[in-house]
Structures are given as C-alpha cells and as structure tokens.
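What follows is one structure encoded as structure tokens, with my remarks underneath.
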Amino acid sequence: MANKSKFQAIRGTRDLLPSETGLWNRVEQTAHAVFGTFGFGEIRLPAFEETELFAKAIGAETDIISKEMFSWQESGTIIETDLQQAWMLKHKQGFEAASREYVFNSRQRPDLVVREGDHTLVVEFKRRTINQATIENIQQYRRVFGERFPDEKSPRLLLVFAEEPSEFVRKLAGSNGVEIEVLDIPEYEQHESLSLRPEATASVCRAYIEHGMAQLPQPVKLYYMGPMFRRERPQKGRYRQFYQIGAEVLGGSDAPAIDAEVIEMVMTFFDRLGLTGAELDINSIGHNAPDCRPAYVQKLKAELEKVKDKLGADSQRRIETNPLRVLDSKLEHEQAIIATLPRIADHLCDECKAHYAAVKRQLELRGVFFKENWRLVRGLDYYMRTTFEITAKGLGSQNAVCGGGRYDGLVELLGGPPTKGIGFAIGEDRLILSLQESGKGAAPQGRDVYIAWMGERAYATAVRAAKDLRTAGFRVELPPTELKFGKALERADKLGSRFALILGDNEVAEGSWTLKTLADGTQQKFTEPELLEFLRSRKSLSS
Ligand code: AMP
C-alpha cells in the first residue's frame, strides 16, 4: 500500500488517516463527556516549555530527561548581540566587535561573554548574580589583557548587565574597581534551553501556579489531551510523538476519596469505550519521611546488596541510583529473586497505612476492581502513597495504557504553595490499538446518502437536497460531475453508502424520488418530505 516517496514521516511519528481518526475522535469525545461528568475542566497547554521545568518535575537523572527529550537552545547569542548592540547604540560609538571572545561556561550555558575593545574590557552578563570566583576570573583576565599595554594604567573593566545586578555584585564590583552598567533591553528573555513536552503534569502544575489557581475553590480538577514527545526507540505501541489523555486534581486535600474517584473516572472512561480486559493494579509507596519509605529503601538496598551478583547490569546499577526501580525489572531470571525481597506494605508509617486502607475501601465502595501489586513503584521523591497502573489486552510488551499516582510535593518543588496532587496519564495510541484489537475499533465510515443525479434540472435539485439532508445531519456525497447511473451506484457502493438517492430529470419533474437501499438493492419512491421522514426513522439504526 505505502509508496516510497521522497519525504516520509519521521520514524516514531505517523499520520492518522480518516480510517482511524473516527475512532480517535470517539475516544476524545468520550473523555470530554466522562471527565465533564466528574467536574473536570479542560486545560490546553503549550507543546514546549523551559527544559528546567521538566528536569525539576521528572528528575534530571531519569531516562526521559537525560536522553529522551527534544531540546534546543533558545539562542543565548541573541542576548549577547542585543547587549552588545544596545551598548554601542547608547554610547554612539563603534565599539570594536570582539577582537577576541571568551565565554565562561557554567553547566554548558554561556553565562557571560568578555569582549576586548579599545583599552576596555566589556563583560556581558545574562544573569543577575555572579560569585567571587567569577570576579576573580575576570580580574585575572584583565591582568593578562593589561600586559599588552605596559606603559598605561590597567585597562578599564566594565560589566554590562541586562538586569539590575544584586547588591552583592555591586559591592563586589565596587571593592574591585569594576564599573557596572545596566542596559534596559525590553525584549531581554532569559529562556535558555527549551524542550518539547515529554508529559504534561509539569505543565499543569506550572499553570496552576502561574494563574494563581490556589485561589479558586479547591480542589482544582483539570484534564488535558494532546501529543507528547520522547526520543525513545520506536516499536509497536511506542512512538516518539504519542498522545496522552490525562487529568490532575490539585488542592489542599489528600482525602482517600479523591484518589479513588480519580481511578473510578479512568475506569468509567474505559468502560464507556467498551475496552475489555483492562486490569487495574494499585500500590502505596508511602512518603518521603524517615519512618516510612526511606527506611524501606535502606532495607531493600541492604537485601539487594546480598543478591547483587545474581542480578543483571541494569539492576546492579539501580541498587546505587534508585533501588526501588529494581522492582520494575521484567528480566526473567530476576523474578524469583525479586519475589523474596522485603515489601513496602510492611514498612509504611501509620498514616500512609491508614490512607492506603481507606483508598482500597473507597474503591470497593465504588465497585472498582483492583489488584494489589507491591512492585508498582515510582522513582521520584515527591511521588507518594497511591500509585496505579492499568494494563490492556492486545498490546504485547507495551501493555500499560495508563499510569498515575499522588505527588503532593510537586507544586511546591516548582515554586508554588504547598499543594496536594494526584493524576494519571493514559497512552491514547495504546488505548486505540487495544480497542482495534478487540474489534471495538470500527467507527462508522462511509455515507448515509449518495446522490446519483443526471441532467441539469436534476442537478439543481440534487444540490438543494444535499443541503437539506446535511442540515438534518446526514452524511451526504454529491458527485461534482454527472455520472451514468450505473457508474454512480458503483461509486456509492465503494464509499460504503447506505442509500443512493436517484435523481434524473424525470424524477424531478414528477416530484417522486427513488431511494435505493444498497445492501439489498430494494427501491422505494418518496416525495421530498416523505424521504426526509423515512431517512430520519432509519437514522437511529445506523449510528
Ligand atoms: P508515563 O507518562 O511514562 O507514566 O506514561 C503514561 C502512559 O503513556 C503509559 O502508560 C503509556 O500508555 C503511554 N506512553 C508513554 N510513553 C509512550 C510512548 N513512547 N509511545 C506511546 N505511548 C506511551
């Protein structure tokens, strides 16, 4: 089917064609409807944000952040050029553009640029704060620079800032004989590294803070849908541009009923879609206090050390970096070993234990079936208590369609007020795959009515009939050029039409239209009002 053409969609991305988008739309409309009934409002978020937002929220050492993000530098050089030009403009002099340029790096970001001019050193800063070491660096550079003018006094040193520097910097500069100049550059932007979003929870929390949503009646219940981007190795059910439908509840309460209601909402959504064989796993991973998860992790680590030699390389590494993640392992030979490891349920603090028990009671109250899975963990500190995952059928190894959990510390970590949070993300691509595999994928295709017209008078009537039928909500195909009836009926069939409306000049003159049911070839005659009536009576059967 697919033709080799010059340009192709990038590996890991794909086009969704009308044969599939019917189902995608049904899934998304069902999400709008179901989430709406639970009092959730839709939030639409930008597709890219500052890299740092994701790094903070997801964790710099995770695979997602360390190797899977699509990131780029929002050109630091624009800022340098702006500064230099603004300086030249202000002083109305052709400051000799960098005979040499030195860039001091801090975590790979050019923090400041030093330019040599005519017996002047100009140091441009992109940040408000610099430390003693930076000043010493510059002083040292000034000495080297000054050696080229042995007869003169040491060259002038000017620090140019794009924003008012801190008091500390002013004092530091004053005591070192360094001048400071602040340039007012209105378009000065501090964004440095930007990334396409690999997930949306970080953005939702950013928006919650940015729009002061803590002032709204709590909790704030938001949902989103849209593409996410991760540079993963593509395979079935795993793409580089994939789609998530997710929701978050943010506010002051961590009542177990909130956890249970969020889970109930996902299960209701899956149920409404007719997804069969969805299985819900839940767990509690406690919280980050000495008498709870950290004590368990210590114990787990000690036990893992004892069996280290029997584990694979990944797990061995994780004993050091993130022992909980060893529990995620899918390696066959590690399973028996993992089964003997201590379990977090036996190490939860009293509060977390009570919370977990209450969540389970609440789920039972709502008739939500679940399985406890002590190996279901999250690797980040701010994830706590409830975690859950839903798997679906027909997906092979990538069978997780939804992951979620509680993350009470995240909003605060991103600079907001202390806020409780819980949410989930559904992999829409996988959900659709699973629906297709189980035969729930067939979305209504084709047309309700194909208008086979012949003759000029008939055409005018056909145009009007098409308009009326479409207004009444029918899917109508009106061929743009005249076709012989035989040919027209053939096309109607190919398009999967239910009825063909036959309009020749005779029919129009008589005011009696012929409707052919394509499935059995039967024909009936109608006046125009009767036809509409008849189609309406059949419509409910077709959808
Ligand atoms: P996560 O944000 O990693 O917790 O993922 C939540 C859900 O998104 C998973 O359960 C998957 O269904 C889906 N998902 C994650 N990564 C991908 C991907 N690369 N391609 C398709 N679906 C994905």
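Start at 1 with the first residue, then count along the sequence. Order of listing sets the numbers, starting from 1, for every ligand and every atom in it.
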Check your understanding: Can you name the one residue among L304, V326, V307, L331 that meets side-chain contact (heavy atoms from CB on, under 4.5 Å) with I337?
Key -> V307
Check your understanding: Does a side-chain N-to-carboxylate-O contact under 4.0 Å join E261 and K221?
Key -> yes
Review point. When you measure from atom 23 (C) of ligand 1 to every protein heavy atom, which one gives the shortest distance, and what is it?
Key: F242 CD1, 3.4 Å
Practice item. Would you check the N or O atoms of Q244, main chain and side chain alike, for any that come under 3.5 Å of an N or O of ligand 1? Key: yes
Point to revise | No-hydrogen, no-angle side-chain donor-acceptor test under 3.5 Å, Y208 and E210 | key: no
Review point. Which of the listed options, G405, G404, G427, holds the heavy atom that is closest to atom 13 (C) of ligand 1?
Key: G427
Check your understanding: At a non-hydrogen distance cut-off of under 4.0 Å, which region of E232 contacts ligand 1 (side chain, backbone, both, or neither)?
Key -> side chain
**Study point:** K393 bridged to E437 by N-O distance under 4.0 Å
**Key:** no
Study note, to complete from the structure: Numbered in order shown, the ligand 1 atoms found under 4.0 Å of a heavy atom of G237 are 20 (N), 21 (C), 22 (N)
**Study point:** Closest approach of any protein heavy atom to atom 4 (O) of ligand 1, naming residue and atom
**Key:** G403 CA, 4.8 Å
Study note, to complete from the structure: Going by the 4.0 angstrom heavy-atom rule, the piece of R230 near ligand 1 is side chain
Review point. Which protein heavy atom lies closest to atom 20 (N) of ligand 1, and at what distance to 0.1 Å?
Key: Y239 N, 2.9 Å
Check your understanding: Does some non-hydrogen atom of the protein lie less than 4.0 angstrom from atom 2 (O) of ligand 1?
Key -> yes
Study note, to complete from the structure: For V401, the atoms of ligand 1 under 4.0 Å from one of its heavy atoms are 10 (O), 12 (O)
Study note, to complete from the structure: From the list I285, L327, D281, side-chain contact (heavy atoms from CB on, under 4.5 Å) partner of W374 resolves to L327
Check your understanding: Below 4.0 angstrom, N of the basic side chain to O of the carboxylate: do D259 and R406 qualify?
Key -> yes
Practice item. Check whether the ring centres of F35 and Y223 lie less than 6.0 Å apart, and answer yes or no. Key: yes
Check your understanding: For L273, which of L431, I432, T268, V34 qualifies under side-chain contact (heavy atoms from CB on, under 4.5 Å)?
Key -> L431
Review point. Is there a nitrogen or oxygen of A400 sitting under 3.5 Å from a nitrogen or oxygen of ligand 1?
Key: yes
